[in-house]
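Lettering follows sequence order; numbering is per chain, from 1.
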Amino acid sequence: MSNGKNTLVKRFCRLACASAIALAASGVQAAETVTIGFTGPLSGGAALYGQNTLEGLQMAAREINNKGGFKVGDETYEINLVSLDDKYAPSQAAVNGKRLVQQYNAPVIFTPHSGGTFALQAFNQRDDFLVMSYTSVPTVTEKGNELTVRIPPTFTGYMKPFTKIAMAENGKKVAIANATHDYAKYWTKAFVPTWEAMGGTVVADNPMDYNKSADFYTGVSKVLAEKPDVLFIGGASEPTALVAKQARQLGFKGGFVIMDQAKMGEMSKIIGGYKMLEGSVGVVPLTMYEEQGAKDFVAKYHKQNDGKDPTTEVAYNYFAMHTVIQAMKEAGTVADSKAIRAAMGDALKNLAEEHNPYGVTEIDAKGGMMADPNIATVKKGGTVELQRISEVLGE
Amino acid sequence: MQQVLNGLTLGSIYGLVALGLTLVYGILHVPNFAHGALYMVGAYVSYVIMVDFGANYWLAMLGAAGAVALLAVLCERLVFNPLRHAPPIHDKIAAIGIMLFLEALVQMHWGAEFRRMPTPYTGIVEFAGLTMPAQRILIIVGAFSLMAVLHLFLKKTMTGSTIVAMAQNREGAFLVGIDANRVAMMTFAISGVLAAVGATLFAPINLVYPAMGHLLIMKAFVIIILGGMGSIPGAIVGGLIIGFAEAFGGFYISTDYKDIIAFALLVVILSIKPTGLFTKGVR
Amino acid sequence: MNALQKISDFFMTPAMKLIMIVAALLFPFVAGNEYQIYVMALAFVWAIAVYGMNIITGLCGQLNLAHGGFFAIGAYTLAILTVDHGWPFWWAFVAAGVSGALLGFLAGVVSLRLKEHYFAIFTLCVGFIIYLLIDKWEELTHGALGIINIPAPSGFGLVDFTETTPFYYLALVFMVLSIWLAARIANSLLGRSFRAIRISDELAASLGINLMRNKVLAFVLSTTYASVAGALYAGMVRFIGPAEADVVHTFDMITFLLVGGIGTLMGPLFGTLAITWLTQSLQFLEEYRMIVFGPLLVVLVIFFPRGVVGTFLTWRGRRLAAVQETAKKESASEKKPQPNKAVTPRNQEAGNHA
Amino acid sequence: MLKINNLTKRFGGLAAVNNVSIEFEANKINAIIGPNGAGKSTFFNLVAGAMAPTEGSIEYQGMDITGMACDRIARLGIARTFQTTSLFDESTVLDNLIVGHRLRTQSRLWDVIINSKRLRDEEKKCRSRAQEVLDFVGLSHIGHRITADISQEEKKRVAFALALATDPELVLLDEPAGGINPEETENLASLIRKMVEHGVTVCLIEHKMDMIMSLADKIMVLDHGEKIAEGTPEQIRNNPVVIEAYLGSDDDAAA
């Protein structure tokens with residue numbers, strides 16, 4: 001986020017390089033390269049998000065190419081990653097998809113948003129390419145599209161442990177004050193029934209537009225008027241931190257359930273530590289993970305980026321690129337998207353630990369990745385406690 | 001009561017932004033769609049001065065005011081002045097062009113990410129059971145004192161009264177020999193200052209990002225239509241009306257529909273009275 | 001100069017129209033790949049909406065900033081009726097056009113009481129209200145989640161419009177129909193009434209033109225165009241979200257219109273195709289696109305307010321007038337009947353599109 | 001032909017036109033003069049229907065047209081020109097005139113879509129009417145020119161032609177000779193006479209006194225919204241009240 005000291009010159013250089021690569025690739029389709037496509041927001045309001053996802057893919061591709069490519073059968077391939085901007089617009093994602101398949105022969109296309117995924121799904125089975133979708137919206141894999149892989153686990157896994165912890169720490173009355181974009185809506189839809197099923201009540205429901213709202217005091221004071229024990233918040237990390245801060249300023253003493261889009265680590269930078277988040281449950285950045293794969297990845301990333309912390313987007317997409325390549329090796333083909341999809345399960349088993357920071361182990365029949373991620377609870381005094389979902393539920 | 005203060009905070013910022021817009025409209029009859037972009041640039045300039053140069057909050061505000069005033073004058077000189085005699089559709093499109101350009105420029109340089117502007121005033125004031133963060137009090141006080149200064153400027157100084165004269169009667173002022181160019185530049189500069197100060201006041205309780213001006217500018221337009229385009233008291237009163245409507249509407253109806261309140265109000269009022277609430281005489 | 005004259009003459013002949021249509025028909029065979037056909041089809045869909053904008057803004061002179069909103073209304077009407085209510089595509093398509101017209105009528109009756117700046121600002125707000133409603137009214141529009149699985153246009157078992165090439169021809173047919181109707185309107189007495197309003201409300205009223213009736217008609221025509229385009233778009237992309245109603249689309253359409261030539265007949269098509277392909281070929285510049293387009297808009301309105309096609313037509317009009325003048329002088333000196341009868345009607349046609 | 005009774009128009013508290021009554025006869029040239037801000041243009045706007053009067057009535061050929069909409073009044077046969085002539089700069093002169101006859105046609109959107117016979121006939125009618133009025137104002141030789149390229153005087157004539165294309169019986173001319181030279185003014189005056197000869201009644205606002213005095217059959221003088229005199233040029237010239245009004249006001253109206 002704010003430590004992104006992207007100067008104009010740097011950006012232009014990067015741009016020039018990217019376009020040079022793209023041009024070179026469009027010119028000659030060398031026998032030993034395989035093109036991987038990407039369509040995502042590289043400009044507009046979601047540009048940072050899109051660039052983060054792309055960065056993960058680039059990092060993995062660079063790693064593989066620097067080692068001289070990868071072997072499938074007798075042939076050694078290098079990765080040619082072609083990225084196109086869609087400004088978060090589904091129609092533009094569809095145009096880019098057509099372009100990546102038709103012009104660049106990409107067997108695999110990455111996209112970091114559900115809208116783009118839906119647009120690509122309108123023709124991916126006919127045009128024969130695999131959609132690697134970085135979104136935890138379950139619908140993208142539930143419709144039965146056979147060539148779609150959902151990279152992160154669905155957020156629905158968080159419902160029960162979040163609810164359990166929040167109730168134990170604070171109480172049973174929740175007020176909803178999260179964001180209004182599509183992802184937040186999906187979350188609310190899944191969260192409310194879980195909360196109620198576990199014996200809680202929803203005392204207020206007042207989502208707010210985190211990005212456009214001029215002011216959260218009105219909305220926050222409205223939900224606080226119902227005296228909730230728990231406040232369900234979440235959107236991008238920065239505004240979420242502000243919502244939490246304003247709730248505290250307005251006298252809220254309970255805990256927060258923080259939607260997984262916001263990372264507590266990033267929020268803590270804005271509001272000066274975890275003190276304000278006492279009694280809260282949410283997710284933390286990879287840097288706080290104890291697992292070896294995560295540590296290796298973070299160390300590598302730090303080395304390459306002057307100590308900058310990797311985002312979740314970077315880590316998952318880095319993992320996804322390695323998985324795709326591994327699957328190509330397992331399947332023995334770089335072109336047959338069905339075979340690549342079918343080999344995903346084996347690929348996950350054989351993936352090196354350092355390439356799998358989140359420890360994803362399985363992929364379900366519909367194409368959803370499954371993992372057992374860490375969730376974090378902020379205890380009294382601002383200490384953070386990490387637990388695997390299975391641990392929370394197993395108690 | 002909490003909502004009254006919320007309404008006041010929102011209303012004073014809306015009023016400040018709408019004031020700049022209404023002044024420009026009064027003088028040049030240009031609905032400056034780029035005004036929201038000027039506001040956004042103001043926030044970024046303050047941010048840079050504070051974060052990258054480590055300067056003081058007030059210094060940053062001053063710097064932003066100066067920079068945006070200059071930018072506004074440039075817009076007037078390079079774009080609106082050449083379009084003085086063009087059909088009315090053209091200056092609007094040109095203003096949209098400026099808006100798109102400024103946003104793209106800022107985004108290219110700083111990226112689209114949300115930034116948080118630091119403020120030295122982070123305390124909370126508790127008064128009669130009300131919780132008021134210091135920055136909010138600063139917004140209300142700052143906005144209203146700026147309005148007062150502007151009022152004095154327009155009423156008591158020579159330049160100010162020429163602006164008022166020209167706003168009231170363009171042809172008349174021209175006949176009396178007012179230098180229209182100078183007044184136009186002056187007006188744009190003032191509108192730039194208002195936008196930049198508004199942004200610097202407001203940004204610490206919000207976030208700084210390239211599209212931050214969008215919604216604000218639309219509400220500012222609603223305000224000056226309600227208040228009568230070109231009317232200075234209309235802009236302030238209109239700003240407060242919308243601010244309160246949103247604070248109370250957001251509280252009693254739904255925050256989700258908060259943003260629609262201003263626009264719904266506009267549609268209803270204009271359907272009943274096409275000339276706006278406070279306009280006098282013929283348009 | 002003479003060669004230029006000949007070329008420009010050629011542009012105005014019916015043969016040119018035929019050539020353009022044939023070129024459009026052959027495009028899928030010439031195109032290198034399906035991607036290009038897809039982009040072209042999408043550009044045609046946008047062009048239909050831009051033709052609508054041209055009627056209210058170009059002909060009638062009212063800057064309608066809610067145009068993108070009506071595009072979204074068309075798309076959403078189609079999507080809601082097909083996905084949530086199981087209507088057949090073409091019935092929903094007709095309903096989309098009708099809802100665009102009806103809502104356009106309602107919005108028009110209210111907003112057209114306002115003039116110039118008030119109208120532009122008001123429609124900006126109308127567009128924003130449409131966006132907010134789509135975004136917030138979840139029961140009807142699915143809110144921020146958008147609508148997935150929109151069916152492609154039904155080909156009645158004969159054609160499969162999920163394929164790109166058949167859809168291309170479908171979009172082409174609709175676009176040609178749109179241009180045809182736009183041309184009819186522009187060249188008729190109705191179009192002349194609209195243009196009189198564009199010059200000045202006062203003048204038009206003094207010529208006995210009912211301002212409100214004509215403006216509302218132009219507005220309804222434009223919103224119908226927009227919603228038909230939106231419905232086609234929904235059938236093409238087959239997923240829509242609230243972003244379709246974003247004001248950015250309206251600004252895009254203004255850019256298309258201005259580059260091509262506002263108020264001209266071929267301007268909307270030219271502008272849409274030119275900018276669409278320019279953005280596609282400058283894809284790596286996406287992030288910086290507006291840095292080019294923003295100033296481009298400003299430069300256009302200051303120096304070439306009539307766009308490419310408009311500038312061409314004016315130039316040609318001047319040339320023809322000059323030619324006629326010299327011809328007249330010659331015929332006067334040689335006492336011969338003047339040979340330029342054929343020129344006059346052409347010339348008028350050129351002017352008509354203005 | 002046109003009978004005005006106690007016409008008053010107030011803006012806020014200010015009366016721009018105050019209790020004016022007058023009658024204009026058919027087939028005559030009627031002039032309205034007065035210093036700047038005397039309410040002449042407001043008076044025209046009231047007659048043409050661009051504004052509704054606060055009080056009083058306007059009778060046209062025995063019909064009460066008070067407060068009637070502009071376009072209906074135009075259809076009843078009252079045409080007008082404006083001080084500044086706005087035309088389609090980008091199209092040809094002839095093309096500009098075709099719309100003038102639109103109000104005498106019936107075609108609607110449906111006719112346009114099916115290109116009905118009615119539409120084609122009416123378009124032919126409008127075009128020939130445009131040609132006729134262009135001939136009438138003596139500009140048929142420049143009908144093919146782009147309007148932006150013609151002279152100021154020619155533009156004035158085109159504006160006359162446009163008004164005449166509506167088939168009016170009464171034409172209101174707002175400063176027809178503004179911004180053109182004396183010789184052109186003379187030509188324009190003869191055109192105005194020609195219009196009257198062809199059965200059109202003229203009513204004009206003008207600052208050029210010589211022109212008015214030689215042209216008008218009847219003159220009304222407005223000052224501060226009130227009628228201070230009416231009569232023949234001879235009567236007006238010698239009217240002490242009028243002289244006082246013009247001398248008393250410090251503008252250049254008497255030029």
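- Distance alone, capped at 3.5 Å, is enough to place a donor-acceptor pair between the Thr240(A) side chain and the Gly235(A) backbone.
- Counted within 6.0 Å of CD on Glu142(A), heavy atoms from surrounding residues, nucleotides or ligands total more than 12; the atom is thus considered enclosed.
- Remark: the backbone N or O of Pro112(A) is paired with a side-chain donor or acceptor of Tyr49(A) at under 3.5 angstrom.
- Not less than 6.0 angstrom separates the ring centroid of Tyr158(A) from the ring centroid of Phe191(A).
- Looking at Ala89(A), there are no atoms closer than 4.5 Å to chain C (heavy atoms on both sides), in backbone or side chain.
- For the ring-ring contact (aromatic ring centres under 6.0 Å, His included) criterion with His113(A), the lone passing option out of Phe38(A), Tyr88(A), Phe118(A), Tyr183(A) is Tyr88(A).
- Although no hydrogens or angles enter the test, the distance criterion places no donor-acceptor pair under 3.5 Å between the side chain of His67(C) and the main chain of Ala226(C).
- Distance alone, capped at 3.5 Å, places no donor-acceptor pair between the Asn206(A) side chain and the Lys222(A) backbone.
- A side-chain N or O of Thr188(A) and one of Asn178(A) form a donor-acceptor pair less than 3.5 Å apart.
- A donor-acceptor pair is defined here as one N or O able to donate and one able to accept, closer than 3.5 Å; no such pair exists between the side chain of Arg99(A) and the backbone of Leu84(A).
- Side-chain contact, Asp128(A) with Ser337(A): a donor N or O sits under 3.5 Å from an acceptor N or O.
- Within the 4.5 angstrom heavy-atom criterion, only side-chain atoms of Thr139(A), from C-beta onward, approach chain C.
- Formation of a donor-acceptor pair under 3.5 Å by the Ser227(C) side chain with backbone atoms of Phe70(C) is not found in this model.
- Listed in order of number, the residues of residues 158-173 of chain C that approach chain A to under 4.5 Å between heavy atoms are Thr162(C), Glu163(C), Thr164(C).
- Heavy-atom proximity under 4.5 angstrom to chain A picks out Glu34(C), Tyr35(C), Tyr38(C), Val39(C), Leu42(C) from residues 34-44 of chain C.
- Heavy-atom pairs under 4.5 Å with chain C were tallied for Leu100(A), Val101(A), Asp127(A); the largest tally goes to Asp127(A).
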